[in-house]
Undergrad: 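Sharing a structure here in structure tokens format.
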Amino acid sequence: MSQLPRGILEAHDFNLALTLECGQVFGWHKYDDFYFGIIGDLAVELEQQASRIRFSGESGLEASDVRHYLGLDDDLGAILASVAVDPFMERVLTSVKGLRLLKQEPWHCLCSYLLSSSNRVERIDKTVKEIARRWGRRHGIDGHDVYSLPEPADLAACGESGMRSCGAGFRAPYLVQAAQMVADGALDFDLVRSLPYEEAKSILMTVKGVGDKIADCVLLFAFSRYEAFPVDVWIKKAIEQVYFGSKKVNNKEIRRFAREHFGPYAGYAQEYIYHYIRTYGPEVAA
DNA sequence: TCTCAGGCACTAT
DNA sequence: ATAGTGCCTGAG
């Protein structure tokens, strides 16, 4: 019986709690100061101690997997410097520290965001966990149970009723259809990964239930396409207030503005702005 | 009881 | 192109 993988990662400019709880990812469990979740298809337990991350995981987990998932390989300083293009962003970057974009597993990310439409963060999280608990695979880590989402073919087999019973509501058929597409190859994540942003996005949008916003979320959070700038009602309000004098602007124009104004890491700017307004309220944008 | 939430698809203009 | 409306669900 070999010792399970464990180790310590140096993690500067990193806030684990903020990164896991800012709303970019769903399905992590918190007990005391420990976080339990899935990286790749392996259960892991994480804890931050100052600028170090302690991890332990199921057999097969490597330190480099954890580093990569948490975004610790990214040069956060350079990224944030590139989006510090105006006084508002400087204010945002002064108040939000150590938030990094994760490298989520595409299927997990797609499921999560299919559930996000007209839904609250807490309930998305609850539904993701319920689907995993009821239909997914159980993993054990340090005496805790963690569940990964069912593979696409397995989720498809659960059917619409199986998803509704977990609280998916009107999004249930979207999940089932997406699962079928991934299972039979009609949606190929490797292809999405290989294509330029616009083409990758239009492929994701062939899935029912995936529009501009959700496609951008998946591209940003699972494929590290930092030019993606998801526009939800909060971001829309903030951008209108700060950059358009509270004038109404359509989402397409907001995305175009963001790409030009923030540059290739616009998506990082989005996540920082999002957290800022969710913390301090949308009115502080002005 | 009723409204509404981190959208989307469908339909009618 | 663009606007209006229904959709599960449960917390306030």
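Per chain, numbering begins at 1; letters A, B, ... match sequence-line order.
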Undergrad: Within this structure, what is the CG-to-P distance between A:D216 and B:dC8, rounded to whole angstrom?
TA: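 The answer, rounded to whole Å, is 9 Å.
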Undergrad: Just how far, in rounded Å, is C1' of B:dG7 from CZ of A:R123?
TA: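 Distance check: A:R123 CZ to B:dG7 C1' gives 13 Å.
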Undergrad: Show me the protein contacts with nucleotides 10-12 of chain B, counting only N or O atoms at under 3.5 Å.
TA:
{"from": "B:dC10", "atom 1": "OP1", "to": "A:K208", "atom 2": "NZ", "distance (Å)": "3.1"}

Undergrad: Could you give the CD1-to-P distance, from A:I239 to B:dG6, as a whole number of Å?
TA: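 The distance from CD1 of A:I239 to P of B:dG6 comes to 17 Å, rounded to the nearest Å.
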Undergrad: How close do A:R100 and A:G71 get, heavy atom to heavy atom, and via which atoms?
TA: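 Distance-wise, the nearest heavy atoms are NH1-O, 2.9 Å.
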Undergrad: Under 4.0 Å between any heavy atoms, over every strand shown, what does A:N250 touch: base, sugar-phosphate, or nothing? Just pick one.
TA: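 Counting heavy atoms under 4.0 Å across all strands, no contact is made by A:N250.
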Undergrad: Does A:K213 or A:R120 map to a spot on DNA chain B nearer the 5' end, using the closest nucleotide for each?
TA: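 So the residue in question is A:R120.
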Undergrad: Could you tell me how far C:dT2 sits from B:dG6 if I compare only their C1' atoms? Round to whole Å.
TA: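 My reading of the C1' atoms in B:dG6 and C:dT2 gives 23 Å.
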Undergrad: Which class fits the ring pair A:H29 and A:Y31: parallel under 30°, tilted 30 to 60°, perpendicular over 60°?
TA: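 Rings of A:H29 and A:Y31: parallel, under 30°.
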Undergrad: Please give, in whole Å, the distance from C:dT9 C1' to A:L115 CG?
TA: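 Taking atom C1' of C:dT9 as the reference, CG of A:L115 is at 12 Å.
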Undergrad: Can a donor-acceptor pair under 3.5 Å be found between the side-chain atoms of A:R171 and the base atoms of C:dC7?
TA: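 Check fails, no donor-acceptor contact within cut-off.
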Undergrad: Which value, in whole Å, describes the distance between the P atoms of nucleotides C:dA11 and B:dC8?
TA: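 About 25 Å, rounded to a whole number of Å.
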Undergrad: With no hydrogens and no angle check, just 3.5 Å: does a side-chain donor-acceptor pair link A:D86 and A:Y243?
TA: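 Checked: A:D86/A:Y243 side chains pair up, N/O donor to acceptor below 3.5 Å.
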Undergrad: Aromatic rings A:F257 and A:F262: how do their planes relate, parallel, tilted or perpendicular, breaks at 30° and 60°?
TA: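 Perpendicular: the ring planes of A:F257 and A:F262 meet at over 60°.
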Undergrad: Work out how far the C1' atom of C:dG10 is from that of B:dA9, and round it to whole angstrom.
TA: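 Straight-line distance between the two C1' atoms is 24 Å.
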Undergrad: When you match A:Q270 and A:V210 each to their closest nucleotide on DNA chain B, which lands nearer the 5' end?
TA: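 This one resolves to A:Q270.
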Undergrad: Relative to each other, are the rings of A:F223 and A:F189 parallel, tilted or perpendicular (30° and 60° limits)?
TA: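 Ring orientation, 0 to 90° scale: tilted.
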Undergrad: In sequence, state the C-alpha distance, the side-chain angles, and the governing distance for A:D74 and A:Y226, and then conclude on side chain to side chain donor-acceptor pair (under 3.5 Å).
TA: CA-CA 12 Å; A:D74 295 334; A:Y226 299 124; 3.0 Å; yes
Undergrad: Can you tell me the distance, in whole Å, between the CD1 atom of A:I131 and the P atom of C:dT9?
TA: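 Between P of C:dT9 and CD1 of A:I131: 13 Å.
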Undergrad: In whole Å, I'd like the distance from the OH atom of A:Y174 to the P atom of C:dG6.
TA: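 Distance check: A:Y174 OH to C:dG6 P gives 15 Å.
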Undergrad: Can you check whether A:K208's main-chain N or O pairs, donor with acceptor, with A:Q177's side chain at less than 3.5 Å?
TA: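 Yes: the side chain of A:Q177 pairs with the backbone of A:K208.
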Undergrad: Using a 4.0 Å heavy-atom cut-off, does A:V233 contact any base of the nucleic acid, only the sugar-phosphate backbone, or nothing at all?
TA: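 Since only primed, P, OP1 and OP2 atoms lie under 4.0 Å of A:V233, the category is sugar-phosphate.
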Undergrad: Mind checking A:R278 for me? I need base, sugar-phosphate or nothing, with any heavy atom below 4.0 Å counting as a touch.
TA: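 Touches a base.
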Undergrad: When we call it a touch if two heavy atoms are under 4.0 Å apart, what does A:I214 touch: a base, just sugar-phosphate, or nothing?
TA: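 It contacts sugar-phosphate atoms only.
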Undergrad: Using a cut-off of 4.0 Å on non-hydrogen atoms, how would the nucleic acid contact of A:C22 be classed: base, sugar-phosphate, or nothing?
TA: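 Contact class for A:C22: base.
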Undergrad: Under the side-chain hydrogen bond (donor to acceptor under 3.5 Å, both in side chains) test, which residues partner A:N119, sequence neighbours left out?
TA: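 Result, side-chain hydrogen bond (donor to acceptor under 3.5 Å, both in side chains) vs A:N119: A:R123.
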Undergrad: Rounded off to whole Å, could you give me the NZ-to-P distance for the A:K126 and B:dG6 pair?
TA: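 In whole Å, B:dG6 P and A:K126 NZ are 16 Å from each other.
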Undergrad: Once you apply the 3.5 Å cut-off to both distances, tell me the Watson-Crick or G-U wobble partner of B:dA12, or none.
TA: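 Base partner found: C:dT2.
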Undergrad: Give one of base, sugar-phosphate or nothing for A:V207, where a contact means two heavy atoms less than 4.0 Å apart.
TA: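 Sugar-phosphate only.
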Undergrad: What is the separation between atom NZ on A:K252 and atom P on C:dA1, rounded to the nearest whole Å?
TA: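 For the pair A:K252 NZ and C:dA1 P, the rounded distance is 7 Å.
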